[in-house]
Student: 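Have a look at this one before I ask anything.
Because the structure is a prediction, the values reported are computed rather than measured.
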Amino acid sequence: MNAGPPAHRPGLGFAFLPLHVLATLQVLGCGNGPSNGADGADVSDVSDLSDVSDLSDVSDVSDVSDVSDVSDVSDVSDLSDVSDGSDGADVSDMAAPLPCDQDQDSDGLADCKEQELGTDPSVADTDTDGTGDGDEVADGTDPLDPSSAGSWQPGYTGYPRLVFGPEDIEALRQRAKAPSWPHDQMLLRVRARAGAAASPPKTDFYDPTYELPRAEAARAKAFTALLDEDEAAADEALQIALGLNWHIEEVGLQSPFYNKTDIHAAEALVNYCETYDYLRGGGFLDDDEVAALEDVIVKLAATFETQATKGPLAFLLMTAQNNHNIKTYASIGIAGITFSHRPEAARWVNRGYTEVHYYLDDFQTTADGGYAEGVAYLNYGAGEALTLLRAVHRFAKGKVLLYRNFYDTRDKQPEVYSLLPDYALSPHLKTIFEWVLRIQMPGGLSPNVDDSGCSPIPSGYLAAFCGDPGFLWHWYMPALELSSYAGVDLAADTFALLPEGMAPMPPDLPLDQLLFEAGDCVFRDGFAHDSTYLLLLGEHGKIRANGQGHEHPDAFQLILAAGGEQLLLDSGYISWEQKDLVSHADNHNLILVDGKGPIDSIFLDVGSDTVLSGFSLDGGLKSCVSSTQYEGAELSRTAVLTPWGVLAVLDRVSSNKPREWKLLWHGNGGGTSGGQFNPLPTGGVWQRNAVQLAAAVAASAGESTRGTVDDYHSFSYGQKLTHTVLQVVAGGQVNAFLSLFAFGAPGAWDSPPAVLAAGDGAVVAALERTGETLYAVGTPGDAPVEVDTPAGTLSTDAPLVLLHFIGSGPCAVSFFGGTFAELADE
């Protein structure tokens, strides 16, 4: 079942598209293009696809940022007469009847007939599917429905067509003879896969995990055959593809492959489509081979579509609403573009494009780029999604086209038809992947929150796709190792699309970020692998709810990295089969209320809405607050990162009755982590290599007890390590936990942080080194209090105050929240 109806996303009812309406539409720009639309695509002739000889010349999209924004595509007042594409428009309210002896758009239909049908007499192809209105009437298809045509954009007949065009082949062959770095690395990867022997066909039953590597081998062999003009490699690719098993209908609800079939079938389908694309483009196939290969791949696509929309897989896709849907529908759309001359093509493209557009533009993403399932599953769905968007871009050539929504996996809205721009040119698409750059950990890997490892994104491909050298700069970071994987391996695509000589440039992004809708607060002092980094979460709304099965109940989870090590851990993601070891509230840096955390479920509602506030950069002190509610309690976390290798965290908790509060700190030491953990009377020290994290923790009210337990974590897929968790337990109706951390090389401070006083409504901790002393004071409430400290009496209404002495100089008083903090010397 669905977690809830998706937010309403306006579409366009369609009856009559006047030329002046189409002429006013603008096309989305990818990046920093002008807002006046001067260099945007001309959409006044969206139906004029008769001359498409130049559509193949779009392999380089580095200049697509010069396209203006389209914010008013839904501002079309009279397009609501046809809601399902099956009936003509109600023309009773139109102007005087049009003449029957005039055909102003030369589409073979008299203007009076067009008025009767509801088509546009001034536009030859009203539904923008590439087939003229008159031809559609003659063929018996609906000229108002872009999914009903006998083919999709039939004017384009060249191969290859998905990633690059026929005009690019010779240049790529020359590049392959002496590739420079990093193209040589991409080609090495493709050749390695192409050189491996493929498994024989399996025809006794459909096994998606067996079929996928065969498809990957076929694609790699076909691509290298195209580059090398190698008939033998082409024949190997052909024979593998001809042996594909398309009987997806054999997979039922009880199949052990059920929850893997759609994603692996999608990956296999894309690989086989590209195999066909390269073999056709290289001229390796005679007419019989073209027909035979088309037959088996189309059977695969048709069976997949049936199973995904009407068969057992439909239940999974309606429940998942995530990367499964993106991968499935993108692959079906890619099949439609590959075989655009077939009668299924228009339906496949419309299904694929509208579903991918919905999930990437709306359901799974926020305005500031956050992706609800986390970075790993953004990456996982990207291979198919980007391949589809690239292919549509080549056909649409930046124009706004009409698409039919089938609403296979989402609630049907009154408007079935949508005018959708070329999403490859959308600034939001770039924003989604730029989000990963904004939250990346030191060294470039992404944080392993939710069901994610510390994973890279295919930044080399994205540099070419979006024309942004900031992605290339990210790709060159050593930790990424020029990663090209994104569901479908994009090494070949990156080799083909990345311009030679593109110079990397650091992204124009601030070091410190507050991404409110995405739920991320990031503090850092650089991007190098040994930089200091803090991530505080505050996920709410769809960034939390639409993560569904891949969301963790992690509320105000906090990650700290420094010196090349992740010091305060996120549990990460071992694998789907073992996620139960790492996906619960007690696997995160949270507070348990009577032993429980935020809502903990696999498919339905997960976590609790948590919001960020109080973002501040003041005198080198960086602070933010994350607030939430769960288990009948209110909780807030204030984190302050200092430039001195100190992190102060105040957790305030309250309820309408006394509770047991258990604060958990997961540090990278102990267990099988490769590091050590040493307990201290009021905390402990985790150490890995030459970096340590020392902690002192206490509660402001009542007695607190401390203990440790080992727990699992994973930084990469399949990894399973353990570490030591520091647990601090206190009670009461209202309380506050003060945690003072010192991190860096051993001996950086004279001694670990220590709790000086706790109870009576406040807690005081201290940290000292030669010539420098830091006191932290935490309180649970907002009322003014006086707290005795070694530096004097502190009067404040702030929950957290830092007192910093350097040498014999005056004390610097910094407070976070509240309105005042005053220190009276004793």
Student: Ring centres under 6.0 Å, that's the criterion: do F523 and F615 meet it?
Tutor: yes

Student: Taking G732's backbone N and O only, do any of them form a donor-acceptor pair with W661's side chain (distance below 3.5 Å, no angle check)?
Tutor: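 It does hold such a pair.
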
Student: Which atom pair, heavy atoms only, marks the closest approach of L767 to S751?
Tutor: CD1-O, 3.5 Å

Student: Go through the steps to decide whether L437 and F471 satisfy the test side chain to side chain contact (heavy atoms under 4.5 Å, CB included), and finish with yes or no.
Tutor: CA-CA 8 Å; L437 303 189; F471 286 108; 4.0 Å; yes

Student: Yes or no on side chain to side chain donor-acceptor pair (under 3.5 Å) for N735 and S700, after CA distance, side-chain angles and deciding distance?
Tutor: CA-CA 6 Å; N735 217 323; S700 66; 3.2 Å; yes

Student: When you compare the side chains of Y573 and Y377, does any donor N or O come within less than 3.5 Å of an acceptor on the partner?
Tutor: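 There is such a pair between these side chains.
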
Student: Using modelled atom types and a 3.5 Å cut-off, is there a donor and acceptor pairing between side-chain atoms of K327 and backbone atoms of Y380?
Tutor: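 Judged by distance alone, yes, a pair lies under 3.5 Å.
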
Student: Between D797 and T819, do the side chains contain an N or O donor and an N or O acceptor separated by less than 3.5 Å?
Tutor: yes

Student: Between W665 and F741, is the gap from one ring center to the other below 6.0 Å?
Tutor: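 When the ring centroids of W665 and F741 are compared, they turn out to be within the sub-6.0 Å range.
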
Student: For the residue pair H428 / T365, report whether a side-chain donor-acceptor contact shorter than 3.5 Å exists.
Tutor: yes

Student: For the pair N587 (side chain) and S571 (backbone), establish whether a donor and an acceptor sit closer than 3.5 Å, ignoring hydrogens and angles.
Tutor: no

Student: Taking D450 for the side chain and E551 for the main chain, is one N or O donor matched with an acceptor at less than 3.5 Å?
Tutor: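 Checked: no pair found.
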
Student: How about Y371 and T366: does a side-chain donor come under 3.5 Å of a side-chain acceptor?
Tutor: no

Student: So, the side chain of R688 versus the backbone of S673: is there a donor-acceptor pair under 3.5 Å, distance only?
Tutor: yes

Student: May I have the step-by-step check of side chain to side chain contact (heavy atoms under 4.5 Å, CB included) for R637 and V649, ending in yes or no?
Tutor: CA-CA 7 Å; R637 169 166 289 174; V649 179; 3.8 Å; yes

Student: Would you find a donor on one side and an acceptor on the other, under 3.5 Å apart, between the side chain of Q513 and the backbone of P510?
Tutor: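 Pair found, side chain donor or acceptor close to backbone of P510.
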
Student: Under a 3.5 Å cutoff, is there a donor and acceptor pairing between the side chains of N546 and Q321?
Tutor: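 N546 vs Q321: no donor-acceptor pair found between side chains.
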
Student: Ignoring hydrogens and angles, state whether a donor on the side chain of S583 or D451 is under 3.5 Å from an acceptor on the partner side chain.
Tutor: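 On atom types as modelled, these side chains do not qualify, holding no pair under 3.5 Å.
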
Student: Centre-to-centre under 6.0 Å for F743 and W749, is that the case here?
Tutor: no

Student: Between F715 and Q566, does a side chain to side chain contact (heavy atoms under 4.5 Å, CB included) hold up when you go through it step by step?
Tutor: CA-CA 10 Å; F715 294 128; Q566 193 176 140; 3.4 Å; yes

Student: Report yes or no: is the cationic atom of R410 (NZ for Lys, CZ for Arg) under 6.0 Å from the centre of the six-membered ring of Y358, at an angle within 45° of the ring normal?
Tutor: yes

Student: Before we go on, tell me: are the rings of H474 and Y476 under 6.0 Å apart, centre to centre?
Tutor: no

Student: With distance as the sole criterion, is a donor-acceptor pair present between the side chains of N379 and S455 under 3.5 Å?
Tutor: no

Student: Could you tell me whether R524 and D512 make a salt bridge, using a distance below 4.0 angstrom between a side-chain N and a carboxylate O?
Tutor: no

Student: Compare every heavy atom of D554 with every heavy atom of L590, then report the nearest pair and how far apart it is.
Tutor: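 Here L590 and D554 meet closest at CD2-O, 3.1 Å.
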
Student: Quick one about W435 and D520 (side-chain donor to acceptor, distance below 3.5 Å, no hydrogens or angles considered), yes or no?
Tutor: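 Indeed, the side chains of D520 and W435 share at least one donor-acceptor pair under 3.5 Å.
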
Student: If you look at every heavy atom in G778 and L738, which pair is closest and at what distance?
Tutor: N-CD2, 4.1 Å

Student: Judged by modelled atom types alone, do S627 and S636 share a side-chain donor-acceptor pair under 3.5 Å?
Tutor: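 Checked: S627/S636 side chains show no N/O donor-acceptor pair below 3.5 Å.
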
Student: Is a side-chain N or O of W475 found less than 3.5 angstrom from the main chain of L480, in a donor-acceptor match?
Tutor: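 No, because the side chain of W475 does not come within donor-acceptor range (under 3.5 Å) of the backbone of L480.
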
Student: Regarding D368 and R438, does a basic nitrogen lie under 4.0 Å from an acidic carboxylate oxygen?
Tutor: no

Student: For W576 together with H550, are the ring centres under 6.0 Å from each other?
Tutor: yes

Student: Give a yes or no on whether E660 atom CD has more than 12 heavy-atom contacts from other residues, nucleotides or ligands under 6.0 Å away.
Tutor: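 Check passes, neighbour count above 12.
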
Student: Measure the spacing between OH of Y533 and CG of L568 and express it to the nearest 0.5 Å.
Tutor: 12.5 Å

Student: Is the closest basic N to carboxylate O distance between R652 and D782 below 4.0 Å?
Tutor: yes

Student: Would you say the side-chain atoms of Q548 and N322 include a donor-acceptor pair closer than 3.5 Å?
Tutor: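 Their side chains do not contain a donor-acceptor pair, so the 3.5 Å distance test is not met.
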
Student: OG/S459 to OH/Y461 distance, rounded to the nearest 0.5 angstrom?
Tutor: 13.0 Å

Student: For F527, I'd like to know if atom CZ has over 12 heavy atoms of other residues, nucleotides or ligands within 6.0 Å.
Tutor: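 Enclosed.
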
Student: Give the minimum heavy-atom separation between T724 and G671, together with the two atoms involved.
Tutor: OG1-N, 4.0 Å

Student: Begin from the C-alpha positions of L647 and T642 and carry the test side chain to side chain contact (heavy atoms under 4.5 Å, CB included) through to its verdict.
Tutor: CA-CA 6 Å; L647 169 66; T642 79; over 6 Å; no

Student: Counting only N and O atoms by type, is there a donor-acceptor contact under 3.5 Å from the side chain of S452 to the main-chain atoms of A376?
Tutor: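 Yes: the side chain of S452 pairs with the backbone of A376.
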
Student: Supply the atom-to-atom distance L621 CG to L641 CG, rounded to the nearest 0.5 angstrom.
Tutor: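 Nearest 0.5 Å value for the CG-CG distance: 9.0 Å.
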
Student: Regarding S608 and T628, do their side chains bring together a donor and an acceptor under 3.5 Å, going by distance alone?
Tutor: yes

Student: Is the H723 to Y712 ring centre distance short of 6.0 Å?
Tutor: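 Between Y712 and H723, which both carry aromatic rings, the centre distance is not below 6.0 Å.
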
Student: What's the shortest heavy-atom distance between C624 and C521, and which atoms?
Tutor: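 So the two residues come closest at CB-SG, 3.5 Å.
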
Student: For T672 and T722, does a side-chain donor sit closer than 3.5 Å to a side-chain acceptor?
Tutor: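 Short answer, yes.
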
Student: Would you confirm whether R769, through its side chain, and G747, through its main-chain N or O, come within 3.5 Å as a donor-acceptor pair?
Tutor: no

Student: Scan side-chain atoms only and decide if K720 and Q578 contain a donor-acceptor pair under the 3.5 Å cut-off.
Tutor: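 Yes.
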
Student: May I ask you to decide whether K662 forms a salt bridge with D594, counting only side-chain N to carboxylate O separations under 4.0 Å?
Tutor: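 So K662 does not pair with D594 through a salt bridge.
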
Student: Supply the atom-to-atom distance H540 NE2 to L537 CG, rounded to the nearest 0.5 angstrom.
Tutor: 12.5 Å

Student: Calculate, to the nearest 0.5 Å, the distance between atoms CD and CD belonging to E434 and Q440 respectively.
Tutor: 11.0 Å

Student: Aromatic ring centroids of H588 and H552 under 6.0 Å?
Tutor: yes

Student: Tell me if a side-chain donor or acceptor on H804 pairs with a main-chain N or O of L802 at a distance below 3.5 Å.
Tutor: no

Student: Begin from the C-alpha positions of E577 and K260 and carry the test salt bridge (charged side-chain N to carboxylate O under 4.0 Å, His left out) through to its verdict.
Tutor: CA-CA 12 Å; E577 292 76 13; K260 293 182 181 294; 3.4 Å; yes

Student: Quick one: pull up CD1 in I559 and CG in D570 and give me the separation to the nearest 0.5 Å.
Tutor: 4.5 Å

